[in-house]
Asker: 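There's a structure below that I have some questions on.
Values reported hereafter were calculated over all heavy atoms of this structure, with side chains retained and with hydrogens, waters and symmetry mates removed.
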Amino acid sequence: RRFEKVILNEPAEKSLLRAVDLDPTSVLAMQELFGLYDGQGRAAALEPKLRAALSKNPRLSMHRNWLGLVLRRRGDLEGAEAEFKKALEAAPDLVGVMANLGSLYLQEQRHQDAVAILRRAIGKDPRNLESRTNLIVALGMTRDLAGARRLVDQLGGLLGHL
């Protein structure tokens, strides 16, 4: 199956690589390429392209987010945190980046930090399920069971409106 996936996506991959080579700062091209590579477990191969784009424009928040994901997956949690924070400096309202940072904090057992960033994410987008479920876990880890219960109760209403 994995082989079929690579073969079927080869023309798309070549086109996306060409687009990223022409404009490394293109969010749309990198988004598609990252999705393709990530689905194949090859996102780490994009690190040089992400770094090249960031050398051209250090305020590319989504490129920083993707680089943070690459670094996290290879175990560089400190580097990942730095990239997520730089992404949020450039674009403070990116809920997906907040969710990634909150998830990283959970992984590091920094539960209070996770609660803080995930509450911020929920404040920006109450329907973001990743932030909400991670916040429920973080609240449970901080022993705020009443807060976790409230979020669980709200979840049913939110799912009904999706």
Side-chain angles (χ1 to χ4, degrees), residues 20 24-162:
V20 167
T25 65
S26 170
V27 173
L28 186 57
M30 185 57 77
Q31 178 179 325
E32 294 300 317
L33 190 58
F34 189 88
L36 177 66
Y37 274 43
D38 197 42
Q40 298 171 349
R42 301 188 300 146
L46 294 176
E47 184 175 349
K49 292 187 182 302
L50 291 165
R51 290 193 184 278
L54 290 166
S55 72
K56 288 182 179 267
N57 181 354
R59 295 192 52 82
L60 291 169
S61 53
M62 287 307 298
H63 285 67
R64 289 220 175 266
N65 181 57
W66 294 315
L67 181 56
L69 290 171
V70 166
L71 295 175
R72 180 181 179 187
R73 288 179 184 142
R74 83 160 182 241
D76 181 359
L77 302 185
E78 189 176 308
E81 179 181 1
E83 292 303 325
F84 294 145
K85 284 182 172 180
K86 287 176 189 173
L88 289 173
E89 285 172 19
D93 293 336
L94 286 177
V95 173
V97 178
M98 290 180 222
N100 289 335
L101 184 56
S103 176
L104 176 78
Y105 287 155
L106 278 175
Q107 181 180 354
E108 294 179 319
Q109 306 218 2
R110 293 168 55 187
H111 304 125
Q112 292 294 346
D113 291 333
V115 167
I117 193 69
L118 293 167
R119 280 189 198 266
R120 190 171 139 206
I122 295 295
K124 297 285 180 192
D125 181 5
R127 292 181 170 202
N128 185 282
L129 293 179
E130 181 182 2
S131 295
R132 185 170 290 274
T133 53
N134 281 339
L135 181 54
I136 291 167
V137 171
L139 289 170
M141 299 304 288
T142 61
R143 304 210 190 292
D144 181 357
L145 302 182
R149 169 61 65 191
R150 276 192 303 279
L151 284 171
V152 168
D153 292 343
Q154 292 170 1
L155 194 55
L158 285 172
L159 292 175
H161 291 97
L162 292 179

Asker: Test side chain to side chain contact (heavy atoms under 4.5 Å, CB included) on R119 and L139; report intermediate values, then the result.
Answerer: CA-CA 10 Å; R119 280 189 198 266; L139 289 170; 3.2 Å; yes
Asker: S103 side chain to N100 main-chain N or O, any donor-acceptor pair under 3.5 Å?
Answerer: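 No, because the side chain of S103 does not come within donor-acceptor range (under 3.5 Å) of the backbone of N100.
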Asker: Should S131 and D125 be marked as a side chain to side chain contact (heavy atoms under 4.5 Å, CB included) after you check the CA-CA gap, both sets of side-chain angles, and the distance that decides it?
Answerer: CA-CA 9 Å; S131 295; D125 181 5; over 6 Å; no
Asker: Quick check on R59: does its CZ atom have over 12 non-hydrogen neighbours (other residues, nucleotides or ligands) under 6.0 Å away?
Answerer: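 No, because the 6.0 Å sphere around CZ of R59 holds 12 heavy atoms or fewer from other groups.
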Asker: Work out which heavy atom in A91 is nearest to a heavy atom in S61; give both atom names and the distance.
Answerer: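 The pair with the smallest heavy-atom distance is CB-OG, 3.6 Å.
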Asker: Tell me if a side-chain donor or acceptor on R132 pairs with a main-chain N or O of R127 at a distance below 3.5 Å.
Answerer: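 Checked: no pair found.
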Asker: Before giving the answer on salt bridge (charged side-chain N to carboxylate O under 4.0 Å, His left out), spell out for R74 and E47 the whole-Å C-alpha distance, their side-chain angles and the decisive distance to 0.1 Å.
Answerer: CA-CA 11 Å; R74 83 160 182 241; E47 184 175 349; 2.4 Å; yes
Asker: Any non-hydrogen side-chain atom of R64 less than 4.5 Å from a side-chain atom of E89?
Answerer: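 Side chain of R64 against side chain of E89, heavy atoms only: no contact under 4.5 Å found.
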Asker: Do Y105 and Q112 pair up side chain to side chain, a donor and an acceptor below 3.5 Å, judged on atom types alone?
Answerer: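 Distance-only check fails for Y105 and Q112.
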Asker: State which residues pass salt bridge (Lys or Arg N to Asp or Glu O under 4.0 Å) with E108; sequence neighbours excluded, sorted by chain then number.
Answerer: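 For E108, the residues satisfying salt bridge (Lys or Arg N to Asp or Glu O under 4.0 Å) (neighbours in sequence not counted) are R110.
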Asker: If I take atom CG from residue N65 and atom CE from residue M98, how far apart are they, to the nearest 0.5 angstrom?
Answerer: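 Reported value, rounded in 0.5 Å steps: 11.5 Å.
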Asker: Please enumerate all residues that pass side chain to side chain contact (heavy atoms under 4.5 Å, CB included) together with V137, with sequence neighbours excluded.
Answerer: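 V137 satisfies side chain to side chain contact (heavy atoms under 4.5 Å, CB included) with L106, M141 only.
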Asker: With rounding to the nearest 0.5 Å, note down the distance linking CZ in R120 to CD1 in I117.
Answerer: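 Separation between the atoms: 4.0 Å.
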Asker: Measure the CG-CZ distance between L67 and R51 for me, rounded to the nearest 0.5 Å.
Answerer: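 With rounding to 0.5 Å, CG (L67) is 4.5 Å from CZ (R51).
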Asker: Less than 4.5 Å apart, side chain to side chain, heavy atoms only: is that true for R150 and D153?
Answerer: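 SC-SC contact between R150 and D153 ruled out.
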Asker: In Å, rounded to the nearest 0.5 Å, how long is the span from CD of E81 to CD of E78?
Answerer: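 The distance works out to 7.5 Å.
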Asker: What is the minimum heavy-atom distance between A148 and I136, and which atoms define it?
Answerer: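 Reported closest heavy-atom pair: CB-O, 3.8 Å.
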Asker: Grab the two heavy atoms, one from L104 and one from F84, that are nearest each other, plus how far apart they are.
Answerer: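 Between these two residues, the closest heavy atoms are CD2-CD1, 4.3 Å.
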Asker: Taking all heavy atoms of L118 and all of L135, pick out the closest pair and write down the distance.
Answerer: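 Closest approach of L118 to L135: CD1-N, 3.6 Å.
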Asker: Which pair of non-hydrogen atoms, one from A87 and one from V97, has the smallest distance, and what is that distance?
Answerer: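 Heavy atoms of A87 and V97 come nearest at CB-CG1, 3.9 Å.
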Asker: How long is the span from the CG atom in L54 to the CD atom in E83, to the nearest 0.5 Å?
Answerer: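 It comes to 6.5 Å.
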Asker: Can you pull the side chain to side chain donor-acceptor pair (under 3.5 Å) pairs that have at least one residue in residues 135-144, sequence neighbours excluded?
Answerer: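 Residue pairs with at least one partner in residues 135-144: there are none.
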Asker: Roughly how far, to the nearest 0.5 Å, is the CD atom of Q109 from the NE2 atom of H111?
Answerer: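 Answer for the NE2-CD pair, H111 versus Q109, is 4.5 Å.
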Asker: Of all heavy-atom pairs between H63 and S26, which one has the smallest distance, and what is that distance?
Answerer: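 Looking at all heavy atoms of both residues, the shortest contact is CE1-O, 3.7 Å.
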Asker: Would you check if V70 and F34 make a side-chain contact, meaning some heavy-atom pair closer than 4.5 Å?
Answerer: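 Yes, side chains in contact.
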